[in-house]
Amino acid sequence: MRMSKLFSQTLRDKPSDAEVPSHELLLRAGFIRQLAAGIFSYLPLAKRSLTKIENIMRKEIDAIGGQEVTMPVVHPAQIWKETLRWFQVGSEMARFKDKSGRDMVLAMTHEEVVADLVRREVHSYRQLPMLVYHIQTKWRDDPRPRAGLIRVREFTMKDSYSLDVDEEGLDKQYRAHYQAYFDIFHRCALPVRAVKSDVGMMGGSLAHEFMYLTPVGEDTLMICDNCGYAANRQVARIEKVAGSKEALKPVKKVATPGITTIEGLAEFLDVPEAKTAKAVFMMATITEGEVDVDRLVFAVVRGDTEVNETKLTNAVKAKELRPATDEEIAASGAVAGYASPKGLKDTLIVVDDLIPESPNLVAGANEEGHHLLNVNYERDFHADFVGDLVLAQEGDPCPECKEAMHAERGVEVGNIFKLGTRYSEALGAEFLDKDGSSKPVIMGSYGIGSGRLLASIAEEHHDEHGLIWPITVSPYHVHLLSLKGAEKDGEEAFKKLVEAGLEVLFDDREESPGVKFADADLIGVPIRLTVSKRSLKQGGVEMKRRDREESVVIPSGEIVDAVTAEISALKEEVQALVVEVPYDD
RNA sequence: CGGGGUGUAGCGCAGAUGGAAGCGCGCCGCGUUUGGGACGCGGAGGUCGGCGGUUCAAGUCCGCCCACCCCGACCA
């Protein structure tokens, strides 16, 4: 490709709305342009890299038995109503009507369509296991797109769907994806970590996220360096320390005027925060069948911990959860700041499992300016749900080995879910088993966002001058520059390299050397060749790797061999990253 | 959805007190220059985000709206 004809141009200044390096550099180097919030065009350079990323994904998913298909971007709402997600998913799903007034949706994922295909195509256990996948556009109307391609609304995703007769088969395909995903990311030279995650709107029993660790990420991970435990903070557990065993004391009301915080309460009564109960009021939208019901949730955790809203959402099976307003709290009969789980109306009471383990806590008295001493679960109040509600914090003990964990930020570049039969049951995707009985197909779903992956690679591989693409995903193998006075030699080199089947970006523009070198650094093709009067005087063409300082001069007759050898070396460096990763569930 | 910020040429930005829309880069032409974002001369390019208002006069003041960015809520 001649740069004189390249569709995109580089930008000298940093666009004002780019905050993170991958966003800035992809814009400046001419890979992407933004159309609207979270909606991007991918220009020729990005398209070439994306195609390479997608081909890596194709190869790895094919290798574990995948069959590529293409499923629609527009779905009739009917299949989404059958699985009830039409009612459960909020505003991030785009809904519209076709000209006949039928409800339609824009695809945000494809479990429904897969299950619909399966009910038409799969009839016998003899056809299973199977794996289908596609690489296709998704629309999710994310409330807050940010950081360039890291979090967008329209994106392309490789999503695969496993189909099995039993849990054992699902486990096998799940583990195959686990390793295949590491292989995909490693072949893109992106270091990732698999962590346990929330199943979210997908439902299902087990999920891992593949996280690229970077401060620009928006997920928080809890990581134990000692034993390797790693989990998204949304689901991260901690080793909980029960309160000291002691005899239950009688409840006693004390005046605590003006004290509405745990910190103030602990100080005022001179007790540790762990001897108090913290109350949090949330308003939950819960889907019952096809209707949504709002219910006030009263969550109780020990005073020395915080509520994890994801855990709370899952505990009450809420579609949405938001802080309750003062009016809503008052309507339940509770007194904000002095709330007690005793005697509330129309309220779902949820307590952390540390509460029953912690005797004689200080809790609100439901009376302005008063608290109760020695409140005990079971004896003094009951809950609709008892379970883990605690938000893991930096330094909390690891649930596996009790060592202190630390928090890190990461970008979720892939995820894998064990779905089970939720979708196949809802849509009647059944097969006849050996014994003649009809059973729902057991499904798994597995996704990688290709644009987010591209951005993560850019985030990982750049310096102050620009991008530094791994050879496996670089838009071109070689960036050839010809400087003034060596145009003819540049043309010859370009011709030879292209004829040898190499992917060459040829800077044939009439620009000063400084401009050409700066653009080459910015675009980040891994091998740079320079043909100039100087290089010719030195005996040929200068070759330099983008990630190294030193360069060599190659006789003009040997450039194809030299470049081919360098490409092989670069590929081997990436291949060395592809290793087997122990499965961790 | 809450909080904060920004909208002036393709990009980056300046335009106190209301009084003729500017600068740098980029772009076009001519010439000089050519190993790390060269230089001279001459050009093109603007509904100042939109609508309404105040005023003799609005990029500037007021109101409403829109878009984009950041933080949070949210999110697979």
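Below, each value reflects all heavy atoms present in this structure, side chains not excepted, and no hydrogens, waters or symmetry copies. Reminder, nothing fancy here: chain letters follow the sequence lines and each chain counts from 1.
- The 12-atom threshold is not exceeded at CD of A:Gln9, counting heavy atoms of other residues, nucleotides or ligands nearer than 6.0 Å.
- Spacing of P atoms, B:C41 relative to B:G59, comes out at 32 Å, to the nearest Å.
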Verify side-chain hydrogen bond (donor to acceptor under 3.5 Å, both in side chains) between A:Glu460 and A:Tyr212, making sure each step is shown before the conclusion. CA-CA 9 Å; A:Glu460 176 70 10; A:Tyr212 162 56; 2.7 Å; yes

Atom pairs, N/O to N/O, protein against nucleotides 67-69 of chain B, distance under 3.5 Å?
{"residue": "B:C68", "atom": "OP1", "partner": "A:Ala37", "partner atom": "N", "Å": "2.9"}
{"residue": "B:C68", "atom": "O3'", "partner": "A:Gln34", "partner atom": "NE2", "Å": "3.3"}
{"residue": "B:C69", "atom": "OP1", "partner": "A:Gln34", "partner atom": "NE2", "Å": "3.0"}

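- Distances shown here put a side-chain N or O of A:Arg12 below 4.0 Å from the OP1 or OP2 atom of B:G26.
- A:Leu11 has its CG atom 13 Å from the P atom of B:G10, to the nearest Å.
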Distances for protein N or O near nucleotides 33-36 of chain B N or O, under 3.5 Å:
{"residue": "B:U34", "atom": "O4", "partner": "A:Lys484", "partner atom": "NZ", "Å": "3.1"}
{"residue": "B:G35", "atom": "O2'", "partner": "A:Arg534", "partner atom": "NH2", "Å": "2.1"}
{"residue": "B:G35", "atom": "N7", "partner": "A:Ser532", "partner atom": "OG", "Å": "2.8"}
{"residue": "B:G35", "atom": "O6", "partner": "A:Ser532", "partner atom": "OG", "Å": "2.3"}
{"residue": "B:G35", "atom": "O6", "partner": "A:Ser535", "partner atom": "N", "Å": "3.4"}
{"residue": "B:G35", "atom": "N1", "partner": "A:Glu542", "partner atom": "OE2", "Å": "3.1"}
{"residue": "B:G35", "atom": "N2", "partner": "A:Glu542", "partner atom": "OE1", "Å": "3.4"}
{"residue": "B:G35", "atom": "N2", "partner": "A:Glu542", "partner atom": "OE2", "Å": "2.6"}
{"residue": "B:G36", "atom": "O6", "partner": "A:Arg528", "partner atom": "NH1", "Å": "2.8"}
{"residue": "B:G36", "atom": "O6", "partner": "A:Arg528", "partner atom": "NH2", "Å": "3.1"}
{"residue": "B:G36", "atom": "N1", "partner": "A:Asp521", "partner atom": "OD2", "Å": "3.2"}
{"residue": "B:G36", "atom": "N2", "partner": "A:Asp521", "partner atom": "OD2", "Å": "2.3"}

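- Only the C1' atoms considered, B:G37 is 23 Å distant from B:C30, to the nearest whole Å.
- If you take atom P in B:C13 and the same atom in B:U6, they sit 12 Å apart, rounded to whole Å.
- Although no hydrogens or angles enter the test, the distance criterion places no donor-acceptor pair under 3.5 Å between the side chain of A:Thr421 and the main chain of A:Ser424.
- When rounded to the nearest whole Å, the span between CD of A:Glu510 and C1' of B:G37 equals 17 Å.
- B:A44: glycosidic angle beyond 90° from 0, hence anti.
- Remark: the A:His177 side chain and the A:Ser160 side chain contain an N/O donor-acceptor pair separated by less than 3.5 Å.
- For the P atom pair drawn from B:C64 and B:G5, the interatomic distance equals 16 Å after rounding to whole Å.
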Pair A:Asp164-A:Gln173, side-chain hydrogen bond (donor to acceptor under 3.5 Å, both in side chains): steps then yes or no: CA-CA 9 Å; A:Asp164 281 282; A:Gln173 296 219 57; 2.9 Å; yes

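- The nearest whole Å value for the distance from the CD atom in A:Glu218 to the P atom in B:C70 is 10 Å.
- Remark: the backbone N or O of A:Leu389 is paired with a side-chain donor or acceptor of A:Asp352 at under 3.5 angstrom.
- The residue from A:Tyr446, A:Phe417, A:Tyr174 that alone fulfils the ring-ring contact (aromatic ring centres under 6.0 Å, His included) condition with A:His208 is A:Tyr174.
- Atom CD of A:Glu24 is separated from atom C1' of B:C11 by 12 Å (rounded to the nearest Å).
- A gap of 48 Å separates the P atoms of B:U17 and B:U32, to the nearest Å.
- Remark: side-chain polar atoms of A:Lys533 are not paired, donor with acceptor, to backbone N or O of A:Lys484 under 3.5 angstrom.
- Here the P atom of nucleotide B:A73 and the CD atom of A:Glu309 are 8 Å apart, to the nearest Å.
- If you measure from atom CD of A:Glu92 to atom P of B:A73, you get 16 Å, rounded to the nearest angstrom.
- Base engagement by A:Phe155 is indicated by at least one non-hydrogen atom pair under 4.0 Å involving a base atom.
- When each of A:Pro15 and A:Asp219 is assigned the nucleotide of RNA chain B with its nearest heavy atom, A:Pro15 is the one assigned upstream, toward the 5' end.
- A cation-pi contact links A:Arg95 to A:Trp86, judged by a cut-off of 6.0 Å to the six-membered ring centre and 45° from its axis.
- Between the side chain of A:Arg151 and the backbone N or O of A:Arg144, at least one donor-acceptor pair lies under 3.5 Å.
- Spacing of C1' atoms, B:A57 relative to B:G2, comes out at 40 Å, to the nearest Å.
- Taken together, the paired segments of RNA chain B that extend over three or more consecutive Watson-Crick or G-U pairs, each closer than 3.5 Å at both contacts, are B:1-7 with B:66-72, B:10-13 with B:22-25, B:27-32 with B:38-43, B:49-53 with B:61-65.
- The shortest distance between side-chain heavy atoms of A:Ser8 and A:Leu6 falls below 4.5 Å.
- Atom pair A:Arg151:CZ and B:G72:C1' shows a separation of 11 Å (rounding to whole Å applied).
- In this structure, the side chain of A:Lys496 engages the main chain of A:Ser556 through a donor-acceptor pair within 3.5 Å.
- One finds a side-chain N or O of A:Arg144 lying less than 4.0 angstrom from the OP1 or OP2 phosphate oxygen of B:C71.
- B:C23 and B:A44 have their P atoms separated by 13 Å, given to the nearest Å.
- Atom P of nucleotide B:C75 and atom CG of A:Asn232 are separated by 12 Å, given to the nearest angstrom.
- With hydrogens and angles left out, the side-chain atoms of A:Lys158 and A:His134 include no donor and acceptor closer than 3.5 Å.
- Between B:G45 and B:A21, the distance separating the two C1' atoms is 13 Å to the nearest Å.
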